[in-house]
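Every heavy atom of this structure was used, including side-chain atoms; hydrogens, water molecules and symmetry mates were not. Keep in mind that this is a model prediction, so the values were computed, not measured.
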Amino acid sequence: MLPYMKKIFIGMAMAASVAAVWAATPVYLDETQPLDLRVQDALSRMTTAEKIAIIHAQSKFSSPGVQRLGIPGIWCTDGPHGIRPDVLWDEWEQAGATNDSCVAFPALTCLAATWNPEMSALYGKSIGEEARYRNKNVLLGPGVNINRTPLNGRNFEYMGEDPWLASRMVVPYITEVQKNGVAACVKHYALNNQEVDRDHANVLVDDRTLHEIYLPGFKAAVTEGGAWSIMPGYNKYNGDHACENSVLLLDILKGDWGFDGVAISDWGAVHNTDKVATNGLDMEFGSWTNGLNWGASNAYDNYFLAKPYAEKIEKGELPMSDLDDKAARVLRLIMRTEMDRNRPYGSLNSDEHYAAARKIGGEGIVLLKNEGNLLPVKPSTKKILVVGENAIKMMTVGGGSSSLKVQRETLPLDGLRRAASEKGIELEYERGYVGDVGGEYNGVTTGQDLNDSRSADQLIADAVSKAKEADMVIFVGGLNKADHQDAEGTDREDFALPYNQGAVIEALAAANPNTIVVNLTGNPYSMEWKDKVPAIVQGWYIGSEAGNAIADVLFGEVNPSGKLPFTFAKSLTDYAAHASGDQTMYPGKDGDVVYKEGLDVGYRYTDRLKPSRVNYAFGHGLSYTTFDLGTPKVENPSAARYTVTIPVKNTGDRTGAEVVQGYVRDVKSSVRRPIKELKAFNKVEVAPGETADVTLTFDPSSFAFYNDKTGLWTVEPGKFELLIGTSSDDIKARIPVNITSPMTWKDSEKIPD
């Protein structure tokens, strides 16, 4: 053979070899192929043992991939307000990393209080970037459980009492998180509305209430937000734990809503292999081992979806089809996240993220009361006294799984001191009361020493003495992240502010008429002192930029525009779940918690039966300017579809934002309906003296109720009213509409035109 022919032959052979290798490349590695084809190709190459392995944990926060096939595992992280610090492989204690500090974003109650989906998108983008930078695949959040009772210790992680508000605010969060190649895991599905006995509480609720109140946030997250994962909670529904509940997981989530993602158990929320194998859960995570001195060293292999499941599969006692579905869903999640080579790199602790946290916090703060326009702080102010433990207490540590290790946290006192200094105002501080002096969670410590040896009387006396000398007093109190306050695992034991804060507020108000109360909480509370102070500000757990966001609002750098996402009633018995004192309704009796109030949650109850027993209504929030809503204009392009345009004029002297809220009232119905229900809202910024148009849209779903006899969403023909206002108790216009044709549709169907 001639030399050049030999070279040609060798070259041809090499080319053929490369082509053969290329042809043998698994489809699942080819990102140009359709996702489901890639999933099925990978699944077809896996052994039963490999399928079992990827559907349960291998550590506290991770699950294995398939090393033989080059398929990576999954790493989860707690949220929903920031990226949790890394923990040891088998323990909750910190791993001791030096690169896992984060930006703490405002709690979701604060986000909901912005009533602004654009803030939700900014939030999702920012926290998604932090999760991606830390190389986390699943962010365990956001939460959309409804605020049924103000005692629920975990309400601060959720988005208020109204399903429409929650559903509109959750979607942008999810879509923006997932643009980073990080799955949002919406929680806690469903009816996880109390922390008392949360592992065993069996919720009994009628189908109509379930679909109209407690499911819409989750439904929107799946059908509109395209959530890649969802977390069933600890509680039971109709006798079965949420993680093993075929109605919630198979019939509704994967059936009616067409969910193609992964149902991931809450940690340790699985109890039975047969049920969890067949009723729709896809991945099991747990918390009952550290692999060292308690729990078996091979505990992960003993999970309900691990060795016990494999043995039943091998014996033919459980079908392979269910395992294949679970594994395929997990593979889809991996390919959407870790195996997506085009996902961005993310960023951590950036200036943009701190700016986002500050902006969201400032927009979520709610000005409840401002008699005599005491706020914002006037330039003529010479001396301010700040009082209250929450002015100096870090709030990013504690409260349960949402506890964080932050790069920095600006305390309220520091933010107020900075703002006062910039304006040449003298500022002093007094404690006023001692509450929770702790500051540790799972090995993260605040480093603060909050001990104070003074008696309660002396603390008040010292604060009152200085209050008499000040031009203005700013009391910063509220709740905190300690047990039995705003914290996972426990509910509040009292509706009033703790640590005798009411007495402190009243003493300060008696000493100085210019006393402002700023409360940081994730829940409503009683206000026996309300009429004794001229100004009240509802703050939240605002995170890293808490002090700056609060100072921005109090000193007028930000014009407040937040609105309450839940009702502030006068007493605990003014909430339907507590009105009768029936223990079966809360906290439950003999394991059952019966939602006898049905649809009467929040303003749906108080606006109908107890309007005089409300301190501040759902949707309430003031501004440093004033607005007038003009006459609405209505368009009716088709049956049960209305577009309403409302002119909003700023009649004050500074730019501000107003939230126009649209409620629907069914004048006459064959079933009992709430007196009004939020079905539209829009936030608009308007300059002084100018007018801007706000558009609200209503479609058939705005007028529908869930017929629990037929399983259909139903619009009855008849008279309705569109109520336009700025809170549930401040309706400015009533627009009569008449629907002439009945409509029905299934949850799995599109809303009819």
Side-chain angles (χ1 to χ4, degrees), residues 109 112-116 146-150 155 158-169 209 212-214 216-217 364 366-369 523-525 527 530 536 538 560-571 574-577 579 597-623 627 629 632 644 646 648 657-667 669 672-684 694 696 698 701-703 705 720-735:
T109 44
T114 69
W115 286 61
N116 188 350
I146 293 296
N147 186 325
R148 174 181 180 251
T149 164
N155 277 338
Y158 303 142
M159 296 190 183
E161 72 186 24
D162 183 77
W164 180 257
L165 177 62
S167 68
R168 293 311 90 204
M169 295 300 292
T209 299
E212 291 190 25
I213 301 294
Y214 296 103
V366 183
L367 180 62
L368 296 177
K369 181 179 182 180
N523 262 306
Y525 43 86
M527 297 180 173
K530 169 176 171 279
I536 305 172
Q538 174 57 30
S561 63
K563 301 281 186 175
L564 289 179
F566 40 65
T567 302
F568 271 65
K570 290 186 177 180
S571 70
D574 294 320
Y575 295 90
E597 75 278 8
L599 303 174
D600 279 343
V601 178
Y603 70 91
R604 286 168 168 78
Y605 173 71
T606 55
D607 283 7
R608 181 171 64 88
L609 292 178
K610 293 194 173 185
S612 65
R613 296 294 302 169
V614 172
N615 280 325
Y616 295 106
F618 172 79
H620 171 79
L622 304 177
S623 169
F627 301 94
L629 271 58
V644 182
I646 306 102
V648 179
E658 178 63 288
V659 179
V660 181
Q661 302 164 33
Y663 298 82
V664 171
R665 174 177 176 248
D666 190 343
V667 176
S669 174
R672 182 176 174 275
R673 303 196 67 176
I675 191 171
K676 67 172 80 73
E677 296 181 278
L678 181 73
K679 294 298 178 181
F681 64 88
N682 203 340
K683 192 169 194 174
V684 63
V694 167
L696 303 180
F698 302 85
S701 67
S702 305
F703 305 92
F705 65 88
F720 292 80
E721 285 185 327
L722 307 180
L723 311 179
I724 311 300
T726 56
S727 70
S728 71
D729 70 343
D730 188 15
I731 302 303
K732 308 291 188 182
R734 295 175 176 268
I735 305 167

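Nearest heavy atoms, Asn155 versus Pro150: ND2-CA, 4.1 Å. Closest approach of Pro565 to Phe618, counting heavy atoms only: O-CE1, 3.3 Å. The minimum heavy-atom distance between Val659 and Ser561, with the atom names listed, is CG2-O, 4.3 Å. Of all heavy-atom pairs spanning Ile213 and Pro163, the tightest one is O-CB, 3.5 Å. Listed here is the closest heavy atom pair of Phe681 and Trp115: CE1-O, 3.5 Å. Across Pro632 and Ala733, no two heavy atoms sit closer than the pair CG-CB, 3.7 Å.
In this structure, CG on Leu723 lies 11.0 Å from CG on Leu678, to the nearest 0.5 angstrom. With values rounded to the nearest 0.5 angstrom, Tyr214 atom OH is found 9.0 Å from Leu599 atom CG. Atom CD1 of Ile675 and atom CG of Asp666 lie 12.0 Å apart (nearest 0.5 Å). In this structure, CG on Asp607 lies 8.0 Å from CD1 on Ile731, to the nearest 0.5 angstrom.
Between Arg168 and Asp162 no salt bridge is recorded (no basic side-chain N to carboxylate O distance below 4.0 Å). No salt bridge links Arg604 with Glu161; every basic N to acidic carboxylate O contact stays at or beyond 4.0 Å.
Listed for the Gln661 side chain is a donor-acceptor partner under 3.5 Å among the backbone atoms of Thr726. Of the possible donor and acceptor atoms, none in the side chain of Tyr603 sits under 3.5 Å from a partner among the backbone N and O of Ala617. Between the Lys679 side chain and the Phe698 main chain, no donor and acceptor come within less than 3.5 Å of each other. In this structure, the side chain of Lys676 does not engage the main chain of Asp729 through any donor-acceptor pair within 3.5 Å.
Note on ring orientation: taking the six-membered ring where Trp is involved, the planes of Tyr525 and Phe568 are perpendicular (angle over 60°, cut-offs 30° and 60°).
In this structure the side chain of Phe703 reaches within 4.5 angstrom of the side chain of Leu722, judged on heavy atoms. Between Met169 and Thr114, the closest side-chain pair of non-hydrogen atoms falls below 4.5 Å. Counting only heavy atoms from C-beta outward, the side chains of Glu658 and Lys563 approach each other to under 4.5 Å. Between Thr209 and Glu597, every side-chain heavy-atom pair lies at or beyond the 4.5 Å cut-off. Considering only heavy atoms from C-beta on, Val660 comes within 4.5 Å of Ile724 through its side chain. With contacts defined as side-chain heavy-atom distances shorter than 4.5 Å, the pair Tyr575/Phe566 does not qualify. Residues Lys732 and Ile646 are not in side-chain contact: their nearest non-hydrogen atoms beyond the backbone lie 4.5 Å or more apart. Looking only at side-chain heavy atoms (C-beta outward), Leu165 and Met159 stay at 4.5 Å or farther from each other.
Each of Ile146, Thr567, Asn147 was evaluated against Val601; a single residue qualifies, Ile146, per the side-chain contact (heavy atoms from CB on, under 4.5 Å) test. Asp600 pairs in a salt bridge (Lys or Arg N to Asp or Glu O under 4.0 Å) with only one of the listed residues (Arg673, Arg672, Lys610), which is Arg672.
Cation-pi contact between Lys369 and Tyr616: absent, since separation from the ring centre below 6.0 Å together with deviation from the ring axis within 45° is not met.
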Leu368/His620 under side chain to side chain contact (heavy atoms under 4.5 Å, CB included): CA gap, chis, key distance, verdict = CA-CA 7 Å; Leu368 296 177; His620 171 79; 3.9 Å; yes
